[in-house]
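All remarks here apply to the structure that follows.
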Amino acid sequence: MRVKFDYVNFSLKKKITNAVVVASVLFMMVIGGLLHFQMRKVLYNSETKRLEAQATAFESATQRSIASSAQVAKIASASLDNLLGSSASVGDTAILKWLKGVAGDNAKNIYAAVTDAGAGTTKVYHFTASGEPAVGAGAFSDSRFAAADVSSDKEVALVTSADKQAFLKVATKGTPSNGKTVVVGLMLPLKELVALVNKNVEADTLSVLLVNGSGDVVSTNVEKYQGKKLSSLADGEQLLAAAQHSGKAERASFDGDAYIANYLPLSKVNADGGILFLSPRSGSPLGLLATILLVVMGVWTILAAILLKVFCVRILSPLEQLTNSLKEIAQGRVSEDLKVEYLLNDEIGAISASVNGLVANLTETARFAKEIGEGNLACSYEPRGTDDKLGIALVGMQGSLTKAKELEVAQKEANQKSHWSNEGAAKFAEILRNNHDNLKEMSFNVIKNLVKYVGAIQGGVFVLNDDVEDDQFLEMSACFAYDRRKMHQKRVEIGEGLVGRCFFEKQSILLKEIPDDYLEITSGLGQKNPENLILVPLKINDTINGVLEIASFNELEEYQIQFIEKVAESISSTITSVRVNERTSALLERSQQQAEMMAAQEEEMRQNLEELQATQEELEKRARENEQMTGDLEKEKYLLDALLTNIPDYIYFKDEQSRFIRVSESMAPLFNTSNGSDLIGKSDFDFHAAEHANSAFQEEMEIIRTGKRILNQVDHEVWEDGREQWVSTTKMPLVGTDGRIVGTFGISKVITDIKMMELEMKHQNEAMKEHLDNMEKTSADAENVKLMYNKIINNLPLKVFVKDHSGKLVVVNSAVAKAHGLKPDELIGKSDFDFYNHDEAMKVYQAELEVMEGEAKTYVHEEHTDSGETKMLKTTKMPFYIDTIKEKGLLGVQLDVSEFSNIRIEEQK
């Protein structure tokens, strides 16, 4: 595109002078041109009128055809509506018969589309190309017309058949009846209509092109244009656009020839597309005359052309080049090729220099904008100066985009960290929830997953051990290092080392340089030790339960540290819950053990006595072996003192005259003294009746004389104040350091309540046996036995009941019914849920299920009646198979031992 001028200093004034000379020569050419123009105008007006008349004739013919076709379609639609309305089951045969009846002269053009709304189908009844009636599904059965052509809602539309023929569709929509909608229409072939209107016009004097809405030539009297797109022909698209825009006859070029074109839009007849009428501009005698005139005038212009060429080369060409460059720039196309090489120093040279500077500036600006668009925000760009607003704005845009990108990256990173923290919180909440009943397993699962989650290499959990109040320390409950569980035992004193300091200060500690000897666990593979360490207190509501320690090769970021501290709070909360659960379980187990101790107290007394004897023998042996073991003896004395001070049983030591030399503190209330030391030096004669005191004295003298022991002897004691009690007593000889018997010692346990219960049970068993004997003697009949059995359990002073596996009563005696204020039959089928609140009833039912699946249980408990009275009950429950319902249940026996309990309380008072 570059034009180079090798001449200089050719002034613009001389160029204008030459132009004036050329203009004088061209004056004659102008006169000839005006004459030529006038002749062509006459030719143009003549052809324009002919085209407009042809268009008017086609429009009139088309409107008449549409009107008549619409009338036919309307009549046919009403007829088909009547046919369909007469019956809901009109078939294809009846409709085709109707079609043949209404066709007449329109046998090839008429069709009917029937839509069944219920079935969702559309059928098209039409004539084939051969004139035979047929039916198609949504379209013509021979595919001449598609479903879109038939189903169009327009009453008038230009459609094209499968063989590229143009038709004008005229349709009328009928009234819906019996769920069916009817559309009746006619397909008018436009080729016949065009031929009819232009029957006296030859193709070489007038070309008629029928164009649809897509720009296709669907009908024409020029065969070579049939079925082609106007856009595929030379100047076809411009021809159509200009004709549609003008609305009147205009000069135009088409397919290499010059024409006068007139366009008739089919919108005037409510259809798409239009018709182009083309008249050639070279077919008139006036054109030949105008050509001769132009040749003559051309001779006069030869010399002027030579001067005009020089004028164009030296003035117009540079201006045209500058104009083209500016147009390209105005349209946004900028490149180095747009620069103009102009070597003159005139005004055009100054303009060229400015344009070249503008091109260079815009090229650099485009490069900068392109790199910014491709994401290279670091590219450089220098504005042309302080007044270069575009350059300054682009640099400002670069800064804004850089800040926006930085903010986007920061926001994305923050979102990722937030998602990471939320996902981790859910994960560790699940771990803590699944391991809430085992502190060590919970600690290991947490530290293993936490080390992996934060990308660390090892970690440990230290939990506060406060089992001994005066000796509290931190104990490692779990350790995980190098992807393995480490069975590492470690005790850390509070305030000692980093772990102890973290616990004491209740603050997290973060180290970025760890001493080489700090970590006790290494990889064993030659890897270097971690360099980053964080210790976080397991704190919840200012309560510290331990310390979390994590070591990592990588430096932990702030969001990871916050996440670890948040997990530490959850761990601390879970540890608190685990400890409460463990202590609750321990208390429950201790309560159960205490209940079981009541059944094993006699065995414990025997074991305690044997332990005492073994302790005494061991002390004597150590005394003989080494007199320097005085300290150990003091310890044993301390243990003995503790035993005698706290044991609830009665333990005593007597000398050879049966005087107390050492007693347990539990004997002070028994002898009505303030403490056990008041009994020292006294004997049974100072507290018991002479008969009982003498009997005890003789027994103890016999033990001293013979060395024989008395084991678990049950005595009935009567005190001087009238109190009576049953005592289980074990007495043994007290051997001195020289092997000589120097007295006696023993242990006694008051078993009055047990003895009374045994006597009562004995009496009840004898009564039951007596009843059973009487029953067997009275009748051998099974029914009588059953009645007798019911009589027996109803007369027992015990509550007897049987429950099925669901806790409902199956058998009750009168004592149970009386306690509930109901008859026995009224209690059958009821459960504890009918008499007690749900929580209490559920607790009893769960305990009874354990009995049904396990072993019998006996326990003593209190019961509060509605009258405010408190009873002490002894209940025994055992598994029992109920034959009548083939199901395992429960048999229960309940005894009121309130009197025995009251007697014991009175005795203790």
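Positions are given from 1 along the sequence.
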Practice problem: List in chain and number order the residues that pass side-chain contact (heavy atoms from CB on, under 4.5 Å) with Ile885, two or more places apart in sequence or in another chain; answer none if no residue qualifies. | Solution: Asp804, Ile882, Glu887
Quiz item: Can you name the residues that form a side-chain contact (heavy atoms from CB on, under 4.5 Å) with Phe835, not counting sequence neighbours?
Solution: His820, Leu822, Leu827, Lys830
Practice problem: State which residues pass ring-ring contact (aromatic ring centres under 6.0 Å, His included) with Tyr859; sequence neighbours excluded, sorted by chain then number. | Solution: His861
Self-check item: Those residues that, when tested against Lys427, pass side-chain contact (heavy atoms from CB on, under 4.5 Å) (two or more places apart)
Solution: Ile431, Asn449, Tyr453
Quiz prompt | Inter- and intrachain pairs under salt bridge (charged side-chain N to carboxylate O under 4.0 Å, His left out), touching residues 841-862, at least two apart | solution = Lys803-Glu848, Glu848-Lys877, Glu850-Lys857
Exercise. Nearest 0.5 Å please: distance from the CZ atom of Phe660 over to the OG atom of Ser683.
Key: 7.5 Å
Practice problem: Any chance you could measure Glu656, atom CD, to Ile741, atom CD1, to the nearest 0.5 Å? | Solution: 9.5 Å
Quiz prompt | NZ/NE/NH1/NH2 to OD/OE distance under 4.0 Å, Lys731 and Glu702 | solution = no
Exercise. Using a 4.5 Å cut-off on heavy atoms from C-beta on, say whether the side chain of Leu849 contacts that of His805.
Key: yes
Exercise. Taking all heavy atoms of Phe833 and all of Ala841, pick out the closest pair and write down the distance.
Key: CD2-CB, 3.5 Å
Quiz item: Once you round to the nearest 0.5 Å, how far does CG of Asn813 lie from NZ of Lys799?
Solution: 9.5 Å
Quiz item: Going through the distances and angles, do Asn675 and Glu665 end up as a side-chain contact (heavy atoms from CB on, under 4.5 Å)?
Solution: CA-CA 6 Å; Asn675 52 63; Glu665 290 297 326; 3.8 Å; yes
Quiz prompt | Closest non-hydrogen atom pair, Phe503 against Gly546 | solution = CE1-N, 3.9 Å
Quiz prompt | Passing candidate, side chain to side chain contact (heavy atoms under 4.5 Å, CB included) with Asn545, options Ile540, Val463, Thr574 | solution = Ile540
Quiz item: How close do Phe480 and Ile447 get, heavy atom to heavy atom, and via which atoms?
Solution: CB-CG2, 4.0 Å
Exercise. Check the surroundings of atom CG in Asn541: do more than 12 heavy atoms from other residues, nucleotides or ligands lie under 6.0 Å from it?
Key: no
Quiz item: Counting N and O atoms only, with roles assigned by atom type, does the side chain of Ser573 sit under 3.5 Å from a partner on the main chain of Glu569, one being a donor and the other an acceptor?
Solution: no
Exercise. Indicate yes or no: does Asp471 engage Arg491 in a salt bridge with an N to O separation below 4.0 Å.
Key: yes
Quiz prompt | Straight-line distance of Glu699 CD to Ile710 CD1, nearest 0.5 Å | solution = 4.5 Å
Quiz prompt | Any donor-acceptor N/O pair, Asn465 side chain to Phe473 backbone, under 3.5 Å | solution = no
Quiz item: Any side-chain donor-acceptor pair under 3.5 Å between Glu700 and Ser658?
Solution: yes
Quiz item: Between CE of Met852 and CG of Leu890, what distance do you get to the nearest 0.5 Å?
Solution: 5.0 Å
Practice problem: Mind checking the CG-OH spacing from Leu734 to Tyr652? Nearest 0.5 Å is all I need. | Solution: 12.5 Å
Exercise. Go through the steps for Val547 and Leu474 under the test side-chain contact (heavy atoms from CB on, under 4.5 Å), then give the verdict.
Key: CA-CA 8 Å; Val547 174; Leu474 295 171; 4.3 Å; yes
Quiz item: Does NZ or CZ of Lys888 come closer than 6.0 Å to the centre of the six-membered ring of Tyr881, within 45° of the ring's axis?
Solution: no
Quiz item: What residues form a side-chain contact (heavy atoms from CB on, under 4.5 Å) with Gln846, not counting sequence neighbours?
Solution: Met842
